[in-house]
J.: 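One structure coming up, written as structure tokens, with questions to follow.
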Number of protein chains: 2
Amino acid sequence: MTAQLPVNQHRSYARAVPKPEVDQTVPLQLSVDRNSPVPLYFQLSQQLEAAIEHGVLTPGSLLGNEIELAGRLGLSRPTVRQAIQSLVDKGLLVRRRGVGTQVVHSQVKRPLELSSLYDDLEAAGQRPATQVLAHTHVPATAEVAARLGVGEGSEVRCVERLRLAHGEPMAYLCNFLPTGLLELETGQLEATGLYRLMRAAGITLHSARQTVGARAATPAEAERLGEPAGAPLLTMQRITYDDTGRAVEYGTHTYRASRYSFEFQLLVRS
Amino acid sequence: MTAQLPVNQHRSYARAVPKPEVDQTVPLQLSVDRNSPVPLYFQLSQQLEAAIEHGVLTPGSLLGNEIELAGRLGLSRPTVRQAIQSLVDKGLLVRRRGVGTQVVHSQVKRPLELSSLYDDLEAAGQRPATQVLAHTHVPATAEVAARLGVGEGSEVRCVERLRLAHGEPMAYLCNFLPTGLLELETGQLEATGLYRLMRAAGITLHSARQTVGARAATPAEAERLGEPAGAPLLTMQRITYDDTGRAVEYGTHTYRASRYSFEFQLLVRS
DNA sequence: TAGTGGTCTAGACCACAAG
DNA sequence: TTGTGGTCTAGACCACTAC
């Protein structure tokens with residue numbers, strides 16, 4: 001099924017509260033395949049997202065109203081709304097009652113993801129490497145037990161790693177995991193990131209609580225990361241939960257502040 | 001309208017992949033007021049959220065199925081689904097096809113909000129105060145112009161503030177705003193936070209891009225914040241956008257790492 | 001096989017914004 | 001007044017899970 005969607009372009013102008021102004025209409029090719037196993041609303045939202053990404057739907061442009069769009073595609077209005085809503089949730093579209101649905105103006109990227117240092121480095125073309133400094137089972141200290149929700153003194157897995165990029169140390173990672181959660185080989189830990197291994201083991205990561213701070217490096221930390229003594233370090237502690245709410249990982253990480261910073265996109269909850 | 005909702009309690013046990021186990025049933029009081037202007041799905045989601053918050057719905061417990069719940073409350077299934085979905089989006093519930101809807105196990109708090117240092121301090125009972133060090137209009141440097149999406153050299157508002165708690169400096173805040181966006185009195189800036197003033201001026205904050213890092217304090221910065229020279233500082237840069245996608249604020253902040261850290265909750269996008 | 005959530009329809013009425 | 005999104009209904013069929 002295929003439809004030509006007229007898109008009303010909007011040219012913004014300097015003003016405290018800009019009003020939408022309709023300038024022209026651009027045809028937008030949309031279609032859904034009812035024989036596909038992909039849900040119809042998802043097909044539509046992906047096409048709209050691609051159109052926004054590729055600039056076919058320009059920032060500020062108005063989508064046609066939902067009823068007409070549904071009619072053109074042969075879908076019901078709730079289905080079209082579901083597609084649009086998913087993009088509103090991603091921050092790509094804004095709805096205004098009595099006005100319409102507009103493409104957001106800014107270069108909004110992705111909402112914050114549960115970031116993996118390994119993936120971040122790889123995406124930045126930094127060729128990450130990992131040295132496993134220690135991989136043991138230890139009794140949980142009071143702090144670790146509280147974070148992981150296990151009994152104090154019960155056995156937990158402890159992994160200490162040094163993450164490098166281009167052969168230079170970037171961060172020191174210390175992680176604790178409940179025993180029995182997954183099999184972990186030291187070789188695997190040197191080849192990829194912890195989150196990938198957990199996902200591959202069938203663990204569905206759901207949420208995490210993070211604390212980011214800074215402090216001066218101790219002599220041992222400075223030595224480990226190749227920084228001068230007293231250099232500023234970026235610190236991150238994180239507890240990660242799976243979809244049943246169990247804590248599946250507690251980590252204490254220190255990053256060379258001269259080499260790394262956290263960047264993320266926030267959406268204001270409405 | 002009132003209904004008794006039976007809740008199947010779930011007792012978890014140590015296991016790599018825990019299965020739900022039904023132990024007992026707890027009645028849950030739910031009702032909706034059809035004469036209220038508050039949407040029905042919202043009334044329901046608020047009551048469910050309160051029940052989770054207060055421990056009436058315990059972590060791991062199963063909600064009854066959607067059809068039955070709809071019948072008990074005299075609502076349609078899509079309305080009940082909308083209520084449940086909003087809590088799933090908040091990370092409070094998890095749905096599993098063929099199983100049911102469960103309360104998440106962990107102490108998941110709020111998803112990440114666009115944080116305001118002023119509000120954070122106030123919520124922590126720290127009695128925040130602000131010193132306005134400068135409040136001027138200046139030509140935009142290339143960096144500020146790029147961040148705010150205005151022409152280089154065009155006039156922008158510049159605000160420099162020192163944020164204190166209990167009379168102690170906590171952070172140095174330097175912000176740039178497009179001119180004409182809102183009226184700002186120095187007195188207002190000393191009484192509350194910038195975000196509150198922007199919201200009060202009718203600006204709908206929508207998203208922000210943040211970078212968090214660390215570095216050693218310069219002598220001037222150390223002096224300003226009452227830290228020794230070379231002390232580690234936590235730095236944050238932020239561009240905030242409104243719902244039309246315009247950049248409405250660009251800020252460069254430095255925090256005393258000994259006094260402040262960022263804490264936030266992440267939900268893994270699914 | 002039975003029960004669950006996932007998806008979808010074809011309507012309806014209302015609240016809000018704009019002209 | 002007109003048009004938009006916001007909410008709601010009463011069904012339907014399907015996919016997945018557990019027994």
J.: When you match Gly100(A) and Val38(B) each to their closest nucleotide on DNA chain D, which lands nearer the 5' end?
T.: Gly100(A)

J.: Quickly work out the Leu40(A) CG to dT7(C) P distance and round it to whole Å.
T.: 10 Å

J.: So if I take every side-chain heavy atom of Glu66(A) and compare against dA18(C), dG5(C), dG5(D), which nucleotide ends up nearest?
T.: dG5(D)

J.: With a non-hydrogen cut-off below 4.0 angstrom, is Pro78(B) in contact with a base, only sugar-phosphate, or nothing?
T.: base

J.: Taking only N/O atoms, report every protein-nucleotides 12-15 of chain D pair under 3.5 Å with atom names and distance.
T.:
| residue | atom | partner | partner atom | Å |
| --- | --- | --- | --- | --- |
| dA12(D) | N6 | Arg77(B) | NH1 | 3.2 |

J.: Nearest to the side chain of Arg81(A) - dT9(D), dT9(C), dG5(D)?
T.: dG5(D)

J.: Counting only side-chain N and O atoms of Tyr41(A), is one of them less than 4.0 Å from OP1 or OP2 of dC8(C)?
T.: no

J.: Start with the C-alpha gap between Tyr195(A) and Glu249(A), add the side-chain angles, then the distance that decides, and say whether side-chain hydrogen bond (donor to acceptor under 3.5 Å, both in side chains) holds.
T.: CA-CA 10 Å; Tyr195(A) 279 3; Glu249(A) 178 246 345; 3.3 Å; yes

J.: For Phe264(B) together with Phe264(A), are the ring centres under 6.0 Å from each other?
T.: yes

J.: With sequence neighbours excluded, what pairs up with Glu66(A) under the side-chain contact (heavy atoms from CB on, under 4.5 Å) test?
T.: Arg77(A), Arg81(A), Ile84(A), Arg95(A)

J.: Got Leu30(A) and Leu69(A) here, is their nearest side-chain heavy-atom distance under 4.5 Å?
T.: yes

J.: Of Asn65(B), Leu87(B), Leu93(B), which is the lone residue that meets side-chain contact (heavy atoms from CB on, under 4.5 Å) with Thr101(B)?
T.: Leu93(B)

J.: Nearest whole angstrom, please: distance from the C1' of dT2(D) to the CD of Glu68(A).
T.: 15 Å

J.: Would you tell me if any nitrogen or oxygen in the side chain of Thr101(B) comes within less than 4.0 Å of OP1 or OP2 on dG5(C)?
T.: yes

J.: Without decimals, in angstroms, what is the distance between Arg96(A) CZ and dA15(C) C1'?
T.: 17 Å

J.: Give one of base, sugar-phosphate or nothing for Ile67(A), where a contact means two heavy atoms less than 4.0 Å apart.
T.: nothing

J.: Just the rounded figure in Å: distance from C1' of dG6(C) to CD of Gln82(B).
T.: 16 Å

J.: dG5(C) P sits how many Å from Gln102(B) CD, rounded?
T.: 11 Å

J.: If you compare every side-chain N and O of Asn65(A) against the phosphate oxygens of dG3(D) (OP1, OP2), does one of them come in below 4.0 Å?
T.: no

J.: Can you tell me how far P of dT7(D) sits from CZ of Arg34(B), to the nearest Å?
T.: 15 Å

J.: Sub-3.5 Å donor-acceptor pair from the side chain of Tyr118(A) to the main-chain atoms of Ala191(A), do we have one?
T.: yes

